[in-house]
> 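What follows is a structure written as structure tokens; I'll ask about it next.
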Amino acid sequence: MRVSLETRDFAKYPFLKESQQFMLQNHESVDTFLQSSAGKVAIRYAVERVQRALSHAAQAIDTGSSSVPSDNLGVRLEVSSYALARVLVSCGKERALIDRLTRYEAQRAFAFLEADDETKREYVAAQVGFSFEESSLPVTRYVEITAGMKEERWRLVNREVIEGRVKIEPLEAEELLKEQIRVTLLSQLPLDVPWSLCEELAPYVSRIQETFQQKMLEDFGEVDESCFPPCMQAIVSALSGGLNITHSGRFALTAFLHNIGMDSTQIITLYCRAPDFDISKTQYQVEHISGRGGTGTEYTAPSCAAMRTLGLCVSPDASCERVNHPLNYYRSRKKGKSGKPN
Ligand code: SF4
């Protein structure tokens, strides 16, 4: 497909190979770039980019002409801030951060695509392996794209499947494209960033992590067990009642407690209720799941769909119908209790 991209398109869709090629024209190493005045501005933009991804402002992306630069320097800063934002979250090694950034980038690119002409839309879609012409997708491909889409209508059992292909309605193609962009960007992260570069960027990574912690506190506030979703309450009750909890149950609860802001000591205290409590084993598991163990990877609690698959979705109540993640259930109940709108 032939399409003519303008320089400002690189700023709109920084993940395109053309955008990367545009950046490579300078033949500069990352180190040299970071020391330059443009590099210093770009790293500031990158931090702001991740901070935007962490804020709810990511829902309202400005696609007006003033929001996208068209001059070479402006576009260069925009594309390099995209690349550096990916480096920063890769150094941060927190899945939730990577997830927020890719969600934001997909949402941002999609907002621009909606305002762009059809040829460009189709071209960008093709670059992430999506075609608007297909009215159905092979099952494996469909499952790959929709694995992170939690609404019931996307579940394979609720779809029309004919000869190994899942039927797609024209209006659904747009939603699938946005998800395909997110899945593609997510599959590229974390980047394998040299340790020395992460060291150099450590102050910026810390700044992002602070914003993230702050956001979590704003979202979740003080831990309130009465707002736990039924699935987590069931695991806590089983724990207190001396019942055997599966490995996946422990993982789901620990990740959930960590995600809502409980520190390791508080989580271990909760596990003390179990009759077979073993402090060193529990400490190891908690540290591992909360990202303080060997790999440095922080885990996010499983979604409702994953909890169902694991057999951990127990006694869902009316509030469960409005959520696709136990964390959303908790957040929504807490906001309800504090009188804030959901
Ligand atoms: S629907 Fe989700 S939040 Fe509700 S019990 Fe099941 S897994 Fe938990």
Side-chain angles (χ1 to χ4, degrees), residues 56 59 94-96 98-100 102-103 142-159 175 179 182-183 186 215-262 266-267 270-271 273-274 282 285-286 288-291 297-342:
H56 293 305
Q59 309 298 327
E94 286 187 27
R95 281 193 187 193
I98 292 176
D99 193 52
R100 296 279 187 106
T102 47
R103 226 167 257 287
Y142 175 85
V143 171
E144 195 182 285
I145 302 179
T146 58
M149 299 170 91
K150 307 305 177 204
E151 281 176 65
E152 285 294 310
R153 67 191 165 111
W154 297 111
R155 293 183 69 197
L156 197 55
V157 287
N158 298 327
R159 308 297 304 193
E175 288 177 79
E179 187 62 7
R182 186 186 76 80
V183 170
L186 188 62
K215 216 46 229 112
M216 298 291 268
L217 271 179
E218 272 169 34
D219 278 1
F220 296 118
E222 288 292 304
V223 174
D224 183 347
E225 242 180 275
S226 69
C227 295
F228 282 14
C231 49
M232 297 301 166
Q233 295 215 9
I235 305 175
V236 173
S237 303
L239 198 70
S240 313
L243 296 177
N244 192 24
I245 301 171
T246 57
H247 174 72
S248 45
R250 276 177 190 264
F251 170 82
L253 179 65
T254 308
F256 174 82
L257 298 174
H258 172 65
N259 296 154
I260 63 171
M262 262 197 188
Q266 288 173 301
I267 300 174
L270 197 139
Y271 274 101
R273 300 176 191 182
T282 308
Q285 285 170 344
V286 171
H288 178 72
I289 292 168
S290 58
T297 305
E298 190 187 26
Y299 292 89
T300 305
S303 64
C304 294
M307 292 288 280
R308 273 193 289 272
T309 310
L310 294 165
L312 295 170
C313 173
V314 178
S315 318
D317 60 19
S319 304
C320 288
E321 284 166 27
R322 296 191 294 273
V323 300
N324 53 23
H325 203 290
L327 289 170
N328 291 345
Y329 181 107
Y330 180 73
R331 186 186 285 122
S332 156
R333 286 293 291 268
K334 277 215 76 177
K335 278 188 182 157
K337 259 183 128 177
S338 67
K340 285 186 200 164
N342 286 346

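Being a predicted model, the structure only gives us computed values, none of them experimental. Numbering of ligands and ligand atoms starts at 1, following listing order.
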> Taking 2.8 Å as the cut-off, does Cys320 contribute an N, O or S atom near atom 2 (Fe) of ligand 1, distance below it?
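Not a single backbone or side-chain N, O or S atom of Cys320 is under 2.8 Å from atom 2 (Fe) of ligand 1.
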
> How far is atom 3 (S) of ligand 1 from its nearest protein heavy atom, and which residue and atom name does that atom have?
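Heavy-atom neighbour on the protein nearest atom 3 (S) of ligand 1: Pro229 CB, 3.6 Å.
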
> What protein heavy atom lies closest to atom 8 (Fe) of ligand 1? Include the residue and the distance to one decimal.
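Scanning the protein heavy atoms, the shortest distance from atom 8 (Fe) of ligand 1 goes to Cys231 SG, 2.3 Å.
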
> Under 4.0 Å from any heavy atom of Met307, which atoms of ligand 1 are there?
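In order of number, 7 (S).
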
> Give me the atom names and distance for the closest heavy-atom approach of Phe256 to Pro326.
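Result for this residue pair: CE1-O, 3.7 Å.
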
> Among protein heavy atoms, which lies nearest atom 2 (Fe) of ligand 1, and at what distance?
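Ranked first by proximity to atom 2 (Fe) of ligand 1 is Cys304 SG, 2.3 Å.
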
> Is Cys313 close enough to atom 6 (Fe) of ligand 1 that one of its N, O or S atoms comes in under 2.8 Å?
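It does; at least one qualifying atom falls short of 2.8 Å.
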
> For a 4.5 angstrom cut-off between non-hydrogen side-chain atoms, does Thr254 reach Gln285?
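Result no, sub-4.5 Å side-chain heavy-atom pair not found.
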
> Restricting to non-hydrogen atoms, name the atom on Leu310 and the atom on Ser248 that form the minimum distance, rounded to 0.1 Å.
CD2-CB, 4.0 Å

> May I ask you to say whether Arg322 pairs ionically with Asp317, meaning some side-chain N is under 4.0 Å from a carboxylate O?
no

> Does Pro230 reach the side chain of Cys320, with side-chain heavy atoms less than 4.5 Å apart?
yes

